[in-house]
2 protein chains.
Amino acid sequence: MTSLSDPKRSDALRRRPTMKNVADLAGVGIKTVSRVINREPHVSEETIARVRRAAEQLQYQPDIHAGNLRRADRRTDTLGLLVGSVANPFSAAVHRAVEDIALERHVAVFASSLDEDPERELSSVNAFLRRRVDGLILTTIQPSQAYLGAQLDQGIPIVFVDRRPHGIEADTVITENAEGASGAVEHLLAMGHRRIAYLGDDAKIFTARERKRGYLDTLRRAGVAPDARLMIDNLDDEAKASAAVADLLALDDPPTAIFSAQNLITVGVITSLRSAGASTRVALVGFDDVPMAALLEPAVTVVAQDPASIGEIAARRVFDRLDGLDEPARDFVVPTRLIVRGSGEIRPS
Amino acid sequence: MTSLSDPKRSDALRRRPTMKNVADLAGVGIKTVSRVINREPHVSEETIARVRRAAEQLQYQPDIHAGNLRRADRRTDTLGLLVGSVANPFSAAVHRAVEDIALERHVAVFASSLDEDPERELSSVNAFLRRRVDGLILTTIQPSQAYLGAQLDQGIPIVFVDRRPHGIEADTVITENAEGASGAVEHLLAMGHRRIAYLGDDAKIFTARERKRGYLDTLRRAGVAPDARLMIDNLDDEAKASAAVADLLALDDPPTAIFSAQNLITVGVITSLRSAGASTRVALVGFDDVPMAALLEPAVTVVAQDPASIGEIAARRVFDRLDGLDEPARDFVVPTRLIVRGSGEIRPS
DNA sequence: TTGGGATCTGATAACGATGTCATAACTGCT
DNA sequence: AGCAGTTATGACATCGTTATCAGATCCCAA
């Protein structure tokens with residue numbers, strides 16, 4: 001048993017073994033070790049065995065980045081992923097899907113959180129690039145992604161997820177935000193609602209704008225004049241969403257239904273409706289599924305996104321491009337699905 | 001606007017600029033560029049400006065791994081993190097905390113999912129090591145982690161999270177599993193329960209064993225003989241947990257309370273109790289908090305873990321060691337907190 | 001026996017950076 | 001003016017690996 005407090009250990013830190021060490025121990029040249037490690041042909045069975053034994057004995061691990069320096073393809077088998085926040089269930093599902101695809105190719109994934117901070121977008125991307133990732137999957141908040149043009153020119157695949165980039169043409173995987181929002185609002189209209197509130201995130205965020213657009217378009221198509229007092233933006237946490245709902249309920253003519261345009265906002269809305277005793281009176285449809293939604297009382301009707309598909313499509317697109325696919329950038333629009341559970345089927349009184 | 005379909009672009013992929021390119025453009029030697037990039041002294045203001053301009057113009061990004069090869073400290077400013085699954089809320093919270101600490105130091109994080117697969121443990125660790133991470137934060141499932149002894153000897157900080165390693169002495173950050181489980185069971189005993197079921201994960205998992213130990217010890221201390229029919233292991237997804245609850249409820253003398261030892265299991269239990277109409281009759285305390293627990297009916301009493309602290313402590317420990325801290329390996333035990341919400345306060349009929 | 005083609009092997013350059021060291025140009029003192 | 005010390009700069013070796021190429025050995029057919 002090796003131990004940190006083991007006196008044998010503390011005096012001298014052993015260096016990591018290199019190919020040279022393995023070569024010396026096996027009594028061969030380093031190129032031969034390289035051939036064995038990379039399973040190249042033209043090495044005798046006996047030499048292979050000797051090298052394997054030496055590598056085993058030294059617990060040799062090749063330095064992938066040293067190799068990358070000289071290797072023709074310059075691949076690091078590494079990918080950079082920037083999501084909203086690795087702690088958000090939506091982002092976590094995207095991350096997981098990307099990881100699963102990457103794992104098939106022995107590609108490791110750097111994951112970072114954007115936190116809707118433009119500075120973090122830049123520093124994360126730079127951190128990825130300095131580490132020479134093979135590809136990028138990015139959720140962005142900067143007004144323009146034109147700064148990535150040089151990277152595209154260098155042949156680094158970049159796929160944008162969840163939000164469309166600006167100032168650059170690149171592959172993009174997004175949810176059908178406006179359409180999904182329309183579906184939610186149409187559902188509420190069909191239930192007889194006319195006073196439908198919109199609770200959304202900062203308009204700087206692409207998805208927030210799109211969902212609001214779907215909400216507004218659908219109201220207009222139905223001949224319902226949007227009421228500015230029923231539309232609240234900039235709700236970037238649960239607490240703000242809860243407070244907004246309290247304000248709405250205090251109006252002279254409060255909404256009979258709420259369209260909540262993001263998962264954390266939906267949670268805040270539920271909390272607030274519950275504490276006001278209004279959860280069985282005011283209808284609610286949320287955009288993006290919420291954990292445990294089916295077990296709540298009433299169960300929460302949502303327009304569910306498909307984060308696993310988003311991540312998978314994005315990762316596959318990166319690898320397709322790495323495999324040489326050369327076609328114009330395109331959009332992948334991932335459908336949403338209205339999941340009827342109860343809260344959205346409450347009728348106006 | 002740069003575009004993928006831009007004909008100017010497709011003919012020749014520009015190479016990534018190197019220090020040499022910047023040096024040539026600025027009319028200086030590469031060492032001078034290196035000095036400017038690394039903010040080393042002894043460069044005139046004028047030269048700095050010229051180099052900066054050239055680097056800017058070429059959008060130069062230094063290759064951190066090429067530098068690492070020669071640099072004395074051999075740091076890659078990279079960390080490997082292996083968690084249960086990046087999609088699990090507990091793991092995601094650990095990940096987020098690690099990321100926050102790492103970001104302060106400009107360290108990027110490789111995140112991988114273990115999926116309780118011993119092979120994945122090995123392949124993830126190897127993937128990290130081949131990429132020369134500065135430190136490792138690991139959740140493990142292999143019966144022994146002795147294979148990591150060589151890395152410790154090489155001075156690579158390794159911190160184990162959530163589960164204690166075997167065959168090696170290294171820093172470990174774990175939840176007070178047995179104590180937390182005891183607290184849960186004591187709570188149920190105090191409510192008058194004697195037939196308390198245990199629903200847990202695979203006994204190969206350290207936390208599952210510890211929590212079961214806490215359950216058993218507490219029952220024995222209270223003079224309650226454990227009933228084998230009330231203890232179900234190997235529940236590794238919600239569906240199995242639900243099925244197990246259905247079986248329990250079908251017993252002649254069903255449990256009056258359930259101690260559910262993991263978050264996904266708790267969700268399965270809730271679903272099953274609900275559909276059997278037993279959620280207000282059978283008490284439930286879960287280990288690890290569950291999303292929306294406070295909003296369920298009844299709200300779910302849990303022994304909450306503190307994944308953010310676990311991640312933070314682990315990351316700090318890695319960096320302390322990288323900063324030269326040299327003390328014996330130690331355990332960090334993170335306390336749990338009983339959150340009383342309703343489901344655990346149901347009394348036996 | 002010889003020649004020609006495989007097969008096996010290692011010496012050497014190179015990848016993009018940093019560490020070492022030498023050199024040149026200043027500065028401030030006697 | 002001469003010297004020492006400091007500042008500014010770049011040539012060159014080097015990190016751990018892979019690419020190139022050449023040399024050695026082997027096999028088989030002529």
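Residue numbering restarts at 1 for every chain, and letters A, B, ... go by the order of the sequence lines.
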Inset, instruction - List the steps, then state whether side chain to side chain donor-acceptor pair (under 3.5 Å) holds for A:Ser123 with A:Asn126. - result: CA-CA 5 Å; A:Ser123 60; A:Asn126 284 339; over 6 Å; no
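Taking only side-chain nitrogens and oxygens, A:Ser34 comes nearer than 4.0 Å to OP1 or OP2 of D:dT18. Contact check, B:Thr32 against D:dT9: no side-chain N or O comes under 4.0 Å of OP1 or OP2. Side-chain nitrogen and oxygen atoms of A:Arg15 include none within less than 4.0 Å of the OP1 or OP2 phosphate oxygen of D:dC15. For A:Asn68, no side-chain nitrogen or oxygen approaches OP1 or OP2 of D:dT18 to under 4.0 Å. Side-chain nitrogen and oxygen atoms of B:Ser44 include none within less than 4.0 Å of the OP1 or OP2 phosphate oxygen of D:dA8. Between A:Thr47 and C:dT9 there is a side-chain N or O to OP1 or OP2 distance below 4.0 Å.
A:Arg35 comes within contact range of at least one nucleobase, with a heavy-atom separation under 4.0 Å. Counting any heavy atom pair closer than 4.0 Å across all strands shown, B:Pro41 reaches no nucleic acid atom. Residue B:Ala72 is in sugar-phosphate contact alone, with no base atom involved, counting any heavy-atom pair closer than 4.0 Å across all strands shown. Residue-level contact check: B:Ile30 touches the bases, meaning some heavy atom is under 4.0 Å from a base atom.
Side chain of A:Ala66, nearest nucleotide from D:dT17, C:dT18, C:dG10: D:dT17. Which of C:dA13, D:dT7, C:dG19 sits closest to the side chain of B:Arg70 comes down to C:dG19.
For the residue pair A:Thr78/B:Arg131, the side-chain donor-acceptor check at 3.5 Å is satisfied.
Between B:Lys31 atom NZ and D:dA13 atom P the separation is 16 Å, expressed in whole Å. Per the geometry, CD1 belonging to A:Ile37 stands 8 Å off P belonging to D:dT18, to the nearest Å. Computed from coordinates, the B:Asp77 CG to C:dA17 C1' distance equals 15 Å when rounded to whole Å. At whole-Å resolution of the value, NE2 in B:His42 and P in C:dG19 are 14 Å apart. Rounding to whole angstrom units, CE of residue B:Met19 and C1' of D:dC12 are separated by 16 Å.
Between the side chain of B:Arg71 and the base of C:dT18, no donor-acceptor pair of N or O atoms lies under 3.5 Å.
Under a 3.5 Å cut-off, the side chain of A:Ser113 and the backbone N or O of A:Asp115 do not form any donor-acceptor pair.
In this pair, B:Phe110 and A:Phe110 present their aromatic rings parallel. The plane angle is below 30°, not in the 30 to 60° band.
Residue A:Glu56 places its CD atom among 12 or fewer non-hydrogen atoms of other residues, nucleotides or ligands, all under 6.0 Å distant.
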